[in-house]
Amino acid sequence: MNDTSLPPTIRDITVLILAGQRDGVSNPLAVAANVSHKCLVPAGGRPLIAHVLKTLIASPVVGHIMISIDRDVFEGIAEVDQLKAQNRLTIVKPALGIAESVEAAAAVSPSWPMLITTGDNILLTTDAVERMAQAFANPEVDASVGLTTKTAVQREHERGQRRFYELADEGYANCNLYALSSPKVMAATELFREGGQFAKKRKRMIRAFGVWNVMLFLLKIGDIHKMFERVSRRVGVAIKPVIFEDGALAIDVDDENTYEVAEGILIARQGG
């Protein structure tokens, strides 16, 4: 919660957890675990979202937490009960898409800046949360995107992630960590479509970033910082990458493979 030793710009940050699913679509992991939503699938003996919430509650920069989900399905989760007792939790209904769900939550956010993550991001750390928040100590930063390198991911586990953004300097993976400084930067929500995975969506890439930037990306011209400078000019929002050395931050629970990998790392980190 609030730590008065921190700069005001990185205290009491609102966190949005995206935990919804498409109407009428059942997640295979949820079906296998006999639960209604993927965020309730157990890992290390507890629901995925419980691990995410535990990390957020432990962070001194986090204030209010919002969960984007169609209904409250969190009975019996201690972290949810704690947040409710502290009046620090809001359940907000998702929209049809990820970007639209972010926009819907932003419209009712109690405070800014806002950090966005997902309900399956079980390897999230308090260090990562605070580093994302620290980006706003710089008033020139409108939004930030958490990334890690291909080298770091594969050092953590060779099967941890299959999709990378290959640039001239390195391959990069999305950590499902985003931060917005204010409602004025919602133009950056295009970055959330399809969970930030643009590599297989060329038309979406062009719409979001422009033909020239996509060509440079596909030709692997320029490093990650130059790429974000070009993207920032395109959307009119100053977006900065936050590059983490912890490759596990890019390993969330997408399928059976990443579930196995992420749970193994989680248990090992907990001393199991």
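As a basis for the values below, the full set of heavy atoms in this structure was taken, side chains included, without hydrogen atoms, waters or symmetry mates.
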Can you give me the closest heavy-atom contact between [X] and [Y], atom names plus distance?
X	Y	answer
V153	A173	CG2-CB, 4.1 Å
A133	V61	CB-CG2, 4.0 Å
S109	M66	CA-SD, 3.9 Å
S144	F136	OG-CZ, 4.4 Å
P241	H225	CG-ND1, 3.8 Å
A33	P42	CB-CD, 3.9 Å

Report task. For the pair D72 and K84, evaluate salt bridge (charged side-chain N to carboxylate O under 4.0 Å, His left out) and give the outcome as yes or no after the intermediate values. Result -> CA-CA 12 Å; D72 188 341; K84 286 180 177 179; 2.6 Å; yes
Report task. Would you please test E256 and E260 for side-chain contact (heavy atoms from CB on, under 4.5 Å) and show each step? Result -> CA-CA 6 Å; E256 289 184 6; E260 177 185 340; over 6 Å; no
Measuring only between side-chain heavy atoms, which start at C-beta, is [X] closer than 4.5 Å to [Y]?
X	Y	result
D81	E75	no
L167	K226	no
I116	L177	no
V102	Y178	no
D142	I239	no
P183	W112	yes
C175	F244	yes
F164	T149	no

Could you grab the distance from atom [atom1] of [X] to atom [atom2] of [Y], nearest 0.5 Å is fine?
X	Y	atom1	atom2	value
M132	I13	CE	CD1	9.5 Å
I122	R46	CD1	CZ	12.0 Å
T126	L56	OG1	CG	10.0 Å
D246	L124	CG	CG	10.0 Å
I17	L115	CD1	CG	9.5 Å
I57	L89	CD1	CG	9.0 Å

Any donor-acceptor pair under 3.5 Å linking the side chain of [X] with the backbone of [Y]?
X	Y	value
R131	I243	yes
E263	G44	yes
Q161	R163	yes
T148	A250	no
R88	G63	yes
H37	C39	no
T14	S111	yes
S101	A95	yes
S232	V237	yes

Report task. Could you give me the CA-CA distance, side-chain angles and deciding distance for L16 and S68, then say whether side-chain contact (heavy atoms from CB on, under 4.5 Å) is met? Result -> CA-CA 7 Å; L16 169 63; S68 178; 4.0 Å; yes
Query raised in the report: Does one side chain, of N176 or D252, offer a donor that lies under 3.5 Å from an acceptor on the other?
Result: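 Present: a donor and an acceptor within the cut-off.
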Report task. Using distance alone, with no hydrogens and no angle criterion, decide if H64 and T90 have a side-chain donor and acceptor under 3.5 Å apart. Result ->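 Their side chains do contain a donor-acceptor pair, which is all the 3.5 Å distance test asks for.
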Query raised in the report: Hey, mind stepping through D120 and T118 against side chain to side chain donor-acceptor pair (under 3.5 Å) and telling me if it holds?
Result: CA-CA 5 Å; D120 58 7; T118 55; 2.7 Å; yes
Report task. Keeping to residues at least two apart or across chains, list the side chain to side chain donor-acceptor pair (under 3.5 Å) pairs with something in residues 47-56. Result ->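 Residue pairs with at least one partner in residues 47-56: there are none.
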Report task. Could you walk me through whether K150 and D169 pass the salt bridge (charged side-chain N to carboxylate O under 4.0 Å, His left out) test, one step at a time? Result -> CA-CA 11 Å; K150 182 176 182 178; D169 57 336; over 6 Å; no
Requested in this report: Would you please test L147 and F228 for side-chain contact (heavy atoms from CB on, under 4.5 Å) and show each step?
Outcome: CA-CA 12 Å; L147 302 169; F228 269 87; 3.8 Å; yes
Report task. Go through the steps for T117 and L18 under the test side-chain contact (heavy atoms from CB on, under 4.5 Å), then give the verdict. Result -> CA-CA 6 Å; T117 190; L18 299 170; over 6 Å; no
Report task. Test T151 against every option in E156, E170, E245 by the side-chain hydrogen bond (donor to acceptor under 3.5 Å, both in side chains) rule and name the one that passes. Result ->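 Single pass found, and it is E170.
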Between [X] and [Y], does at least one N-O distance fall below 4.0 Å, as a salt bridge requires?
X	Y	answer
E140	K240	no
R159	D254	no
D255	K38	no

Query raised in the report: Which residue, N27, L29, L266, forms the side chain to side chain contact (heavy atoms under 4.5 Å, CB included) with V253?
Result: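 It is L29, the one option of N27, L29, L266 that forms the side chain to side chain contact (heavy atoms under 4.5 Å, CB included) with V253.
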